[in-house]
Structures are given as C-alpha cells and as structure tokens.
Engineer: 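Please see the structure below; I have some questions.
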Amino acid sequence: MAEVPALGERRGRGVPAPVASDEAQLQLLVRRIQEGDLTAFEQLYQLTRMDAVRTLRHLVGNRVEVEDLLQETYLRLLTAVKGYRGESRFRTFFYRVCSNVALSHLRWKRRRPEDSVAEPPEMVAQGDDPEHAAARRQAARLVEVALERLKPKKRIVFVYYELCGMTPDEIAEAVGSSPNTVRSRLHHARLEFNEAMQRLLAHRRPGGPHGAP
C-alpha cells in the first residue's frame, strides 16, 4: 500500500507560502517594472519561476504540460503588475494570477475529459530506492486523482491552504472572494477529498472495496 500524504493535516503549517524570494526585493522589482524596466521583469521571472511551476502543478495536476500555463501566467503577470499598488503582499497578488490561469484551464479541462488520460511524467530522485520511489509515485497519483474530483474553485482553495500554507484571508484576496466563502469551500473540499481518497484506497485493496474474497 502506498503511503498517502495526510493533506487533512495541513502541510507547512506556520511555514511561509512558497514564494522563495524576499518580499522587499520583489516589491522593488515591481516598481522597476512599472517604471518600464523590462530587465526587472526577467529578474522577477527567475526569482519566482520555480514557485509558479510548483503551484501550477498542484492546481492542475502533474499530467498537464505546465510550460504553456507558465507562459500564460507570466504574460498575464506582466500586464497585471502595472496595476499593482501594494495593497496586498506580492505573493498574494502572484497567487491570484496563478489561480486565474489554473481556473481557466480546469474549466476547459472539465469540458474535455478525454484530454486527461495521459500518464504523469515519472521523477525519481538520485539514489532513491525503487520500491519507495514507486510508492511515492503511487501516492502522488492517488492524491492527484482525488484532487481531480473537486470542482475547480474548491480545488484551488484546498491546494492553497493545504499545500501552499496560505491563510483563509490570503486565499480570499488571491481568488477574489470573502474569507467566509473560502472557509466554506475549504470545509466541503476537505470532506470531498477525504471521501475520494477512501474510495480510491478501498478499490486498491485485494478484492476491491469489499476486501479480500
């Protein structure tokens, strides 16, 4: 049986969300971009790219070609950053752009379910034990399938809270909703995710959901 991450026990609790760069440095780059310095945007891209990739993969799944979504994210960011006035932290603004791109993709994907049959790329760490690597891939696949059962808005809230360590207030700013709405979506998303995981795990047992014959 694969080990399944206990997402109900929030990962990264008390750990900053994964925009790795210093907020003051990002704010300075934003001001330079607003003054027309496009070299600053290239620096912003380099500083935040891995965070964008990680976030988009959480939001849309490993089986998606993230490069296209990444390009769209930064095209939108280049336009949106001109109107950024610092009312919220840059990471919240950044996640708002990521969530908009992901939401558009997830809505499109729900209309074209046949496009989601490809297998995710396999990534094995150096020196990783093959059995443990296979178990991790199996667990990641189960989590991904369970996340796919969530409606897009619930999935985004769930991922931002459980995997990115954001607070309901920060998520509300990022997705353009109220904290109470975020909490409600998160509550229902947790129930649906846990139910989906239980069903997936039950079907993996010998003999299916009814156990070994």
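One-based numbering along the sequence shown.
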Engineer: Rounded to the nearest 0.5 Å, what separates atom CG in D68 from atom CG in L56?
Structural biologist: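 Taking CG in D68 and CG in L56, the distance rounds to 11.5 Å.
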Engineer: Tell me whether V60 is reachable from V145 by hopping between hydrophobic residues (I, L, V, M, F, W, Y) whose side-chain heavy atoms are closer than 4.5 Å.
Structural biologist: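 Shared cluster, yes.
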Engineer: Pick one: which of T167, I156, L186 meets side-chain contact (heavy atoms from CB on, under 4.5 Å) with Y161?
Structural biologist: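 Between Y161 and the candidates, side-chain contact (heavy atoms from CB on, under 4.5 Å) is satisfied uniquely by L186.
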Engineer: Who passes salt bridge (charged side-chain N to carboxylate O under 4.0 Å, His left out) against R31, sequence neighbours left out?
Structural biologist: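 Partners of R31 by the salt bridge (charged side-chain N to carboxylate O under 4.0 Å, His left out) criterion come out as none, since no residue qualifies.
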Engineer: Looking at every heavy atom in both A52 and L70, which two are closest together, and how far apart are they?
Structural biologist: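 The pair with the smallest heavy-atom distance is CB-CD1, 3.5 Å.
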Engineer: Can you tell me how far the OH atom of Y160 sits from the CZ atom of R96, to the nearest 0.5 Å?
Structural biologist: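 Output value for this atom pair is 10.5 Å.
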Engineer: How far does CG of L150 sit from CZ of R190, to the nearest 0.5 angstrom?
Structural biologist: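 Atom-to-atom, L150:CG and R190:CZ are 12.5 Å apart.
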Engineer: Please determine whether side-chain contact (heavy atoms from CB on, under 4.5 Å) holds for the pair M197 and R149, giving the CA-CA distance in whole Å, both sets of side-chain angles, and the decisive distance to 0.1 Å.
Structural biologist: CA-CA 10 Å; M197 285 298 300; R149 307 287 170 88; over 6 Å; no
Engineer: Applying ring pair (Phe, Tyr, Trp, His ring centres under 6.0 Å), which residue pairs with at least one partner in residues 35-55 are found, sequence neighbours left out?
Structural biologist: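 Pairs touching residues 35-55 that pass the test: Y45-Y74.
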Engineer: List for me each residue that meets side chain to side chain donor-acceptor pair (under 3.5 Å) alongside Q27, sequence neighbours excluded, and say none if there are none.
Structural biologist: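 With neighbours one apart ignored, the set is E23, Y84.
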Engineer: Measure the spacing between CG of L38 and CD1 of I33 and express it to the nearest 0.5 Å.
Structural biologist: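 CD1 of I33 is found 8.0 Å from CG of L38.
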Engineer: Just by modelled atom types, is the N180 backbone N or O under 3.5 Å from a matching donor or acceptor in the S184 side chain?
Structural biologist: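 Not a single qualifying donor-acceptor pair exists.
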Engineer: Side chains of V53 and R57: does their closest heavy-atom pair fall under 4.5 Å?
Structural biologist: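 Touching, per the 4.5 Å side-chain cut-off.
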Engineer: Quick one: CD on Q34 to CG on L29, what's the gap to the nearest 0.5 Å?
Structural biologist: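 If we round to the nearest 0.5 Å, Q34:CD and L29:CG are 11.0 Å apart.
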Engineer: Apply side chain to side chain donor-acceptor pair (under 3.5 Å) to Q46 and list each qualifying residue two or more places apart in sequence or on a separate chain.
Structural biologist: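 Here the qualifying residues are E42.
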Engineer: Decide yes or no on side-chain contact (heavy atoms from CB on, under 4.5 Å) for S99 and F94, but give the supporting numbers first.
Structural biologist: CA-CA 9 Å; S99 67; F94 173 81; over 6 Å; no
Engineer: Residues in salt bridge (charged side-chain N to carboxylate O under 4.0 Å, His left out) with D37, at least two apart?
Structural biologist: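 With sequence neighbours excluded, D37 shows a salt bridge (charged side-chain N to carboxylate O under 4.0 Å, His left out) to R32, given in chain and number order.
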Engineer: What distance do M166 atom CE and R89 atom CZ have between them, rounded to the nearest 0.5 Å?
Structural biologist: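 Going from the CE atom of M166 to the CZ atom of R89 covers 9.5 Å.
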Engineer: Looking at residues at least two apart in the chain, or sitting in another chain, which of them share a side chain to side chain contact (heavy atoms under 4.5 Å, CB included) with T181?
Structural biologist: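 If we apply the side chain to side chain contact (heavy atoms under 4.5 Å, CB included) test to T181, skipping adjacent residues, the hits are S177, S178, R185.
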Engineer: Which residue, L59, T55, I171, forms the side-chain contact (heavy atoms from CB on, under 4.5 Å) with V159?
Structural biologist: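 One option only clears the test, and that one is L59.
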Engineer: Apply side-chain contact (heavy atoms from CB on, under 4.5 Å) to residues Q71 and L75 and explain how you reach the verdict.
Structural biologist: CA-CA 6 Å; Q71 182 177 13; L75 285 173; 4.2 Å; yes
Engineer: Please enumerate all residues that pass side chain to side chain contact (heavy atoms under 4.5 Å, CB included) together with R76, with sequence neighbours excluded.
Structural biologist: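 Here the qualifying residues are E72, V97, N100, V101, S104.
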Engineer: If you compare all heavy atoms of T73 against all heavy atoms of C98, which two are closest, and at what distance to 0.1 Å?
Structural biologist: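 Looks like CG2-SG, 4.1 Å.
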Engineer: Taking salt bridge (charged side-chain N to carboxylate O under 4.0 Å, His left out) as the test, write out the residues that go with K153, two or more places apart.
Structural biologist: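 Applying salt bridge (charged side-chain N to carboxylate O under 4.0 Å, His left out) to K153 gives none.
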Engineer: What residues, two or more places apart in sequence or in another chain, satisfy salt bridge (charged side-chain N to carboxylate O under 4.0 Å, His left out) together with E192?
Structural biologist: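 Testing E192 for salt bridge (charged side-chain N to carboxylate O under 4.0 Å, His left out), a comparison that skips the adjacent residues, returns K154.
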